[in-house]
Amino acid sequence: MKEEDQESQTPPKRSLDGMQSCEISSDSTDDPLSSGFHPHRQPRIVVIGAGLAGLAATRVLLKNGFTDVTVLEASDHIGGRVQSVKNGRATLELGATWIHGANGNPVYHLAEENGLLEHTTDGERSVGRISLYTKNGVAHYQTNVGKRIPKDQVEEFSDLYNDVYELTQEFFQNGKPVCAESQNSVGVFTRDLVRKRIMVDPDDSESTKKLKLSMLQQYLKVESCESSSPSMDEVSLSEFGEWTEIPGAHYVIPEGFMKIVDLLAQDIPSHTICLCKPIRCIYWNYSAQHREVIGKSSDTRRDDNHNDNNQGHQSNENPRILGQPIWVECEDEEWIPADHVIVTASLGVLKQNHEMMFSPSLPEDKVLAIEKLGISTTDKIFLEFDEPFWSPECNSIQFVWEDEAQLEQLAYPEELWYKKICSFDVLYPPERYGYMLSGWICGQEALHMERCDDETVAETCTELLRCFTGNPDIPKPRRILRSSWGSNPYIRGSYSFTRVGSSGEDCERLAMPLPYANSTKAPPLQVLFAGEATHRKYYSTTHGALLSGQREATRLMEVYQDHKA
């Protein structure tokens with residue numbers, strides 16, 4: 001950038017009443033990366049989002065001597081997709097629930113070192129894929145005519161399904177070619193192969209075969225909830241085996257996953273985190289040749305402003321006259337300068353907002369990665385009862401619709417959203433949770449559920465339970481609590497998956513800082529990306545989110561250390 005193009009003007013600090021104003025300290029107006037590094041002053045770093053990735057990045061930066069760090073969080077609380085809710089003596093998780101694996105998992109080590117797992121029961125240390133809460137007891141597979149499927153039939157089918165599930169891992173892990181018939185889809189491959197094996201079994205009657213075909217559909221619904229995909233038909237078969245499971249048990253945190261968030265945040269000064277601070281746009285790669293582009297895009301934003309409360313905002317604060325390396329425009333009309341911005345927004349938010357969120361626009365290949373990767377909604381529905389209507393050995397109620405045996409697509413019209421509810425798990429142990437069930441629903445049907453009121457959802461779930469158990473006397477729950485990740489404007493989905501047509505390379509492309517290294521004249525590492533969707537092997541997990549935040553903080557640390565050296 002030419003000297004005559006740089007301005008020393010500073011934007012007025014503006015914020016709505018009741019909002020925190022993010023004061024950015026600076027020892028110099030120099031831009032540390034615009035014309036070489038200036039180790040004599042602290043770089044200004046803005047972190048977008050106070051979820052696990054954002055907090056982990058901030059924590060690493062502060063611990064390593066970076067003092068000018070500001071976190072902008074759109075919502076009124078930290079934690080992102082962690083949401084723990086107190087319910088009497090128990091804590092219910094509307095978001096992240098499990099520490100998936102122990103060996104080398106940074107979330108596990110954080111919990112273990114701080115005594116968060118002391119009251120975890122043996123039953124909760126479950127590695128089971130279908131029965132998620134406890135290995136004690138039995139999953140009851142119930143049909144929509146109120147009949148329980150015999151345990152031996154369930155076990156026979158489960159063995160068959162798990163054999164085929166293991167095969168889905170081999171395409172990536174062993175480099176097996178994907179045949180055209182599978183459409184590179186986990187759902188299509190699994191459904192076709194399991195159906196073939198069921199139909200050629202000489203020992204099963206036609207009615208038993210039909211029942212097993214119906215169970216297949218239910219298993220695929222469970223799988224969709226675990227993958228946070230609308231349907232397993234959308235999950236890439238060739239990439240499915242790249243997701244890496246950390247060895248060891250799956251743990252819950254009895255006092256709530258929010259304790260992990262609190263641990264990450266405990267050494268971060270409160271003034272560093274600005275709540276209720278959604279951003280409108282990140283102006284990056286500022287230079288003379290971008291002035292006209294930024295000006296035009298900014299004027300367009302004023303015309304098409306999605307924030308109705310800011311229609312009177314004037315352009316006198318436009319970054320084209322401010323001469324700073326990066327500017328973050330907030331929705332409350334405050335402008336915040338930065339040398340580096342770490343974006344931890346969810347894939348769902350990037351899908352919806354990336355065009356408005358970055359100026360200049362993101363490179364085409366990064367946009368393509370955002371578009372190709374998948375994210376959907378998995379919601380929980382908690383139902384609390386005065387007394388259990390289920391038997392003591394029952395650990396879950398699985399909904400098997402007999403009329404769905406031959407269906408290809410498990411997508412429902414809005415009024416039948418409840419058919420996507422795959423199961424209700426019994427929360428364990430009852431001494432902690434009381435008599436509580438946790439239901440699962442995913443995809444577009446979860447969004448339909450989110451639009452219903454509590455009374456409607458409670459009545460619908462009660463009718464389902466009566467229908468499938470054959471017990472018309474099941475009372476309505478005394479309380480209902482449910483998540484709404486799909487309609488949350490600052491989240492837009494639960495977690496990511498590799499959709500058909502995408503790959504782990506898209507996760508890495510999403511994680512690549514801007515501008516790219518081949519842009520030799522541009523200051524490097526202006527915009528960095530973190531969040532679970534940017535981790536190639538641990539996407540969709542809390543440890544993936546945490547590690548991605550540490551990764552980007554380390555990237556900045558190394559650059560400044562290398563330059564000083």
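All values derive from a computational prediction rather than experimental measurement. The figures that follow rest on heavy atoms only: side chains count, while hydrogens, waters and symmetry mates do not.
Under a cut-off of 6.0 angstrom, the local environment of CD in Gln266 is crowded, with over 12 non-hydrogen atoms contributed by other residues, nucleotides or ligands. Counting non-hydrogen atoms of neighbouring residues, nucleotides and ligands closer than 6.0 angstrom, the NZ atom of Lys63 reaches no more than 12 such neighbours. Heavy atoms of other residues, nucleotides or ligands lying less than 6.0 angstrom from CD of Glu255 number 12 at most.
Taking Lys351 as the reference, Leu347, Ile370, Ile375, Arg499 meet the side-chain contact (heavy atoms from CB on, under 4.5 Å) condition, with sequence neighbours excluded. Every residue two or more places apart in sequence or in another chain that forms a salt bridge (charged side-chain N to carboxylate O under 4.0 Å, His left out) with Lys176 is listed here: Glu170. Residues passing the side-chain hydrogen bond (donor to acceptor under 3.5 Å, both in side chains) test with Ser496, sequence neighbours excluded: Glu532. Applying the ring pair (Phe, Tyr, Trp, His ring centres under 6.0 Å) test to Phe172 and every residue at least two apart in sequence or in another chain returns nothing. Every salt bridge (charged side-chain N to carboxylate O under 4.0 Å, His left out) that Glu445 has, sequence neighbours left out, goes to Lys420. Residues satisfying the salt bridge (charged side-chain N to carboxylate O under 4.0 Å, His left out) criterion with Lys372, sequence neighbours excluded, are Asp506.
Between His340 and Tyr560, a ring centre-to-centre spacing shorter than 6.0 Å is recorded. A distance below 6.0 Å separates the ring centres of Trp335 and Tyr283.
In this structure, CH2 in Trp440 is found 8.0 Å from CD in Glu226, a value given to the nearest 0.5 Å. Leu556 CG to Leu528 CG: the interatomic distance, rounded to the nearest 0.5 Å, is 5.0 Å. In this structure, Glu552 CD and Leu547 CG are separated by 11.5 Å, a value rounded to the nearest 0.5 Å. In this structure, OH in Tyr495 is found 5.0 Å from OG in Ser228, a value given to the nearest 0.5 Å. We find the OG1-CG distance between Thr541 and Leu52 to be 9.5 Å, quoted to the nearest 0.5 Å.
Taking 4.0 Å as the cut-off between side-chain N and carboxylate O, Lys277 and Asp332 count as a salt-bridged pair.
Side-chain contact between Ile45 and Thr70 is absent, with no heavy-atom pair separated by less than 4.5 Å.
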Intermediate values then yes/no, side-chain hydrogen bond (donor to acceptor under 3.5 Å, both in side chains), Ser229 and Glu234: CA-CA 7 Å; Ser229 60; Glu234 294 195 25; over 6 Å; no

Thr534 vs Arg551, side-chain hydrogen bond (donor to acceptor under 3.5 Å, both in side chains): CA-CA, chis, key distance, verdict: CA-CA 10 Å; Thr534 70; Arg551 177 194 68 213; 2.9 Å; yes

Begin from the C-alpha positions of Glu73 and Ser75 and carry the test side-chain hydrogen bond (donor to acceptor under 3.5 Å, both in side chains) through to its verdict. CA-CA 6 Å; Glu73 169 54 48; Ser75 72; 2.8 Å; yes

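The cationic group of Lys366 lies under 6.0 Å from the six-membered ring centre of Phe529 and within 45° of the ring axis, placing it in a cation-pi geometry.
Among all heavy-atom pairs drawn from Trp243 and Tyr538, the shortest one is NE1-C, 4.2 Å. Here the closest non-hydrogen pair linking Leu447 and Ser487 is CD2-N, 4.0 Å.
A donor-acceptor contact closer than 3.5 angstrom is absent between the side chains of Glu508 and His535. The closest side-chain donor-acceptor pair between Tyr251 and Asn105, if any, does not fall under 3.5 angstrom. There is no side-chain donor-acceptor pair under 3.5 Å between Lys380 and Ser483.
Between the side chain of Asn488 and the main chain of Tyr490, a donor-acceptor pair closer than 3.5 Å is present.
Between Arg280 and the options Glu333, Glu329, Glu331, a salt bridge (charged side-chain N to carboxylate O under 4.0 Å, His left out) holds for only Glu329.
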